**Q** 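Sharing a structure here in structure tokens format.
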Amino acid sequence: MEARGLSCAGLSVGYDGSELIAQIELEVRPGRIVTLIGPNGAGKSTILKTLAGYLEPISGAAYVSGKPLGELSSHERALEMSVMLTERLSTELLTCADIVEAGRYPHTGRLGVLDDADRAVVDEAMRLVAVQDLADHDFMHVSDGQRQRVLLARAICQEPSVLVLDEPTSYLDIKYQIDLLQILRKLAWEKQVAIVMSLHELQLARIVSDEVVCIKGPRVFASGTPDEIFVPEVIDELYDLPAGCYDPATGAVVIPETRGR
């Protein structure tokens, strides 16, 4: 049986031949959510860009559905994988609906013409993330949070088997953060999508992830289930926190009481 999902073996990533994180072993199976956490600048985005094929690995390889990522054409990759990174998308005179429709282009012919079935997928993706009312709005003139949800709709309507997301909860208020995580869980469970992403919010990573991978250059510091990772001895060392700052009961970082106030 063909292997599904996303994996890497002996993967080392970095820029211009300079290694940032070495010997990454990762498997993201269908129906599972794997979340990368760690300090700013640790290399989470670099790993995701390499897994998405935007950066060449320093060594090792990534695989999508058992096929080496580097051997897939851009069209083959787009049929298998959808990517949502943190870089701002700059567009001119494109509506939110135009942005979402771009997710269907891998499934259309050379002319990129959407048929009724494609439009139904676009409409459903926009409804799922509650941006249907923004369809005719200029993408550059909506809020950061609304743009984030439009980009998620584009990723969803691509109907990938693998979804790669870099900080997808950025710019979202708490309601839409929860909504987004519920959508991701639904995609994983019902559509058997393999999802790998990075998150800064430890509470959110704790509740949504099947596996958590801790990045603290130049290596993977730890990996395991949320119950194994979200304990003071791991989180304190990962983020260089003073003892007592991480509260495992709530999953939040707290400020210890100061005396003499």
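What you see below is based on every heavy atom in this structure, not just the backbone, and it leaves out hydrogens, waters and symmetry mates. The structure displayed is predicted, hence computed values, not measured ones.
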**Q** Is there a donor-acceptor pair under 3.5 Å between the side chain of Asp98 and the backbone N or O of Thr95?
**A**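 Yes, because the side chain of Asp98 sits within donor-acceptor range (under 3.5 Å) of the backbone of Thr95.
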
**Q** For residues Val208 and Leu199, determine if any side-chain heavy atom of one lies less than 4.5 Å from a side-chain heavy atom of the other.
**A**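 The answer is yes; the side chains approach within 4.5 Å.
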
**Q** Indicate yes or no for a side-chain donor-acceptor contact from Asp16 to the backbone of Ser18 under 3.5 Å, with no hydrogens or angles considered.
**A**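 Side chain of Asp16 to backbone of Ser18, a donor-acceptor pair under 3.5 Å: no, none is there.
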
**Q** Would you say Arg4 and Glu80 make side-chain contact, with heavy atoms under 4.5 Å?
**A**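 Yes, their side chains come closer than 4.5 Å.
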
**Q** Just by modelled atom types, is the Gln23 backbone N or O under 3.5 Å from a matching donor or acceptor in the Ser12 side chain?
**A**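 Looks like yes, one N/O pair under 3.5 Å.
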
**Q** Just by distance, with hydrogens left out, do Glu211 and Thr35 show a side-chain donor and acceptor under 3.5 Å apart?
**A**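 Distance-only check fails for Glu211 and Thr35.
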
**Q** Atom CG in Leu151, atom OH in Tyr171: separation rounded to 0.5 Å?
**A**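 If I round to the nearest 0.5 Å, the distance is 10.5 Å.
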
**Q** Does any N or O in the side chain of Arg206 come within less than 3.5 Å of the main-chain N or O of Pro248, such that one atom is a donor and the other an acceptor?
**A**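 Pair found, side chain donor or acceptor close to backbone of Pro248.
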
**Q** Counting only heavy atoms from other residues, nucleotides and ligands, does the tally under 6.0 Å from CG of Asp173 exceed 12?
**A**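 Check passes, neighbour count above 12.
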
**Q** State whether a side-chain donor-acceptor pair under 3.5 Å links Gln158 with Ser82.
**A**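 Per modelled atom types, Gln158 and Ser82 side chains form a pair under 3.5 Å.
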
**Q** Ile178: what forms a side chain to side chain contact (heavy atoms under 4.5 Å, CB included) with it, not counting sequence neighbours?
**A**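 Ile178: side chain to side chain contact (heavy atoms under 4.5 Å, CB included) contacts with Ile174, Gln182, Leu204.
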
**Q** Can you give each donor-acceptor pair under 3.5 Å made by side-chain atoms of residues 219-238, sequence neighbours left out, with the distance rounded to 0.1 Å?
**A**
| residue | atom | partner | partner atom | Å |
| --- | --- | --- | --- | --- |
| Thr225 | OG1 | Glu228 | N | 3.3 |
| Thr225 | OG1 | Glu228 | OE1 | 3.4 |
| Glu228 | OE1 | Thr225 | N | 2.9 |

**Q** State plainly whether the residues Asp210 and Arg185 are in salt-bridge range, i.e. N to O under 4.0 Å.
**A**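 Arg185 and Asp210: salt-bridged.
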
**Q** So that I can tick it off, tell me whether Glu101 and Arg104 are bridged by a salt bridge, with the cut-off set at under 4.0 angstrom between side-chain N and carboxylate O.
**A**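 Glu101 and Arg104: not salt-bridged.
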
**Q** Residues in side chain to side chain contact (heavy atoms under 4.5 Å, CB included) with Asp240, at least two apart?
**A**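 With neighbours one apart ignored, the set is Lys216.
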
**Q** If you link ILVMFWY side chains whenever their heavy atoms are less than 4.5 Å apart, which other residues fall into the same cluster as Leu79? By chain and number, please.
**A**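 In the cluster with Leu79 there is nothing else; it is isolated.
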
**Q** What is the minimum heavy-atom distance between Val83 and Ala52, and which atoms define it?
**A**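 Scanning both residues, the minimum pair turns out to be CG2-CB, 3.6 Å.
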
**Q** Please name all residues satisfying side chain to side chain contact (heavy atoms under 4.5 Å, CB included) with Ala120, sequence neighbours left out, ordered by chain then number.
**A**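 By the side chain to side chain contact (heavy atoms under 4.5 Å, CB included) rule, Ala120 matches no residue at all.
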
**Q** Hey, does the side chain of Thr108 reach the backbone of Tyr105 with a donor-acceptor pair shorter than 3.5 angstrom?
**A**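 Answer holds: yes.
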
**Q** For the residue pair Ile215 and Ile47, establish whether any side-chain heavy-atom pair is separated by less than 4.5 Å.
**A**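 Side chain of Ile215 against side chain of Ile47, heavy atoms only: contact under 4.5 Å found.
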
**Q** Salt-bridge test for Glu167 and Lys44: reply yes if a basic N is under 4.0 Å from a carboxylate O, no otherwise.
**A**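 Looking at Lys44 together with Glu167, the answer is no, because their closest N to O distance does not fall below 4.0 Å.
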
**Q** Would you say Ile183 and Leu128 make side-chain contact, with heavy atoms under 4.5 Å?
**A**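 Side-chain contact under 4.5 Å: yes.
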
**Q** Counting C-beta onward and ignoring hydrogens, is there a side-chain heavy-atom pair between Met81 and Leu69 closer than 4.5 Å?
**A**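 Counting from C-beta outward, Met81 and Leu69 do come under 4.5 Å.
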
**Q** Check whether any side-chain heavy atom of Phe139 sits under 4.5 Å from a side-chain heavy atom of Arg147, and report yes or no.
**A**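 The answer is yes; the side chains approach within 4.5 Å.
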
**Q** Are Gln148 and Ser170 side-chain neighbours, meaning at least one heavy-atom pair lies under 4.5 Å?
**A**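 Sidechains of Ser170 and Gln148: in contact.
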
**Q** Is it true that a side-chain atom of Gln146 and a backbone atom of Leu134 form a donor plus acceptor pair closer than 3.5 Å?
**A**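 Not at all, since once roles are kept as given, no pair shorter than 3.5 Å links the two residues.
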
**Q** Under the side chain to side chain contact (heavy atoms under 4.5 Å, CB included) test, which residues partner Asp123, sequence neighbours left out?
**A**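 With neighbours one apart ignored, the set is empty.
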
**Q** Quick check: do Ile156 and Leu187 have side-chain heavy atoms less than 4.5 Å from each other?
**A**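 A side-chain contact under 4.5 Å exists here.
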
**Q** With a 3.5 Å cut-off and no angle check, do the side chains of Ser198 and Asp166 form a donor-acceptor pair?
**A**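 Judged by distance alone, the side chains do pair up.
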
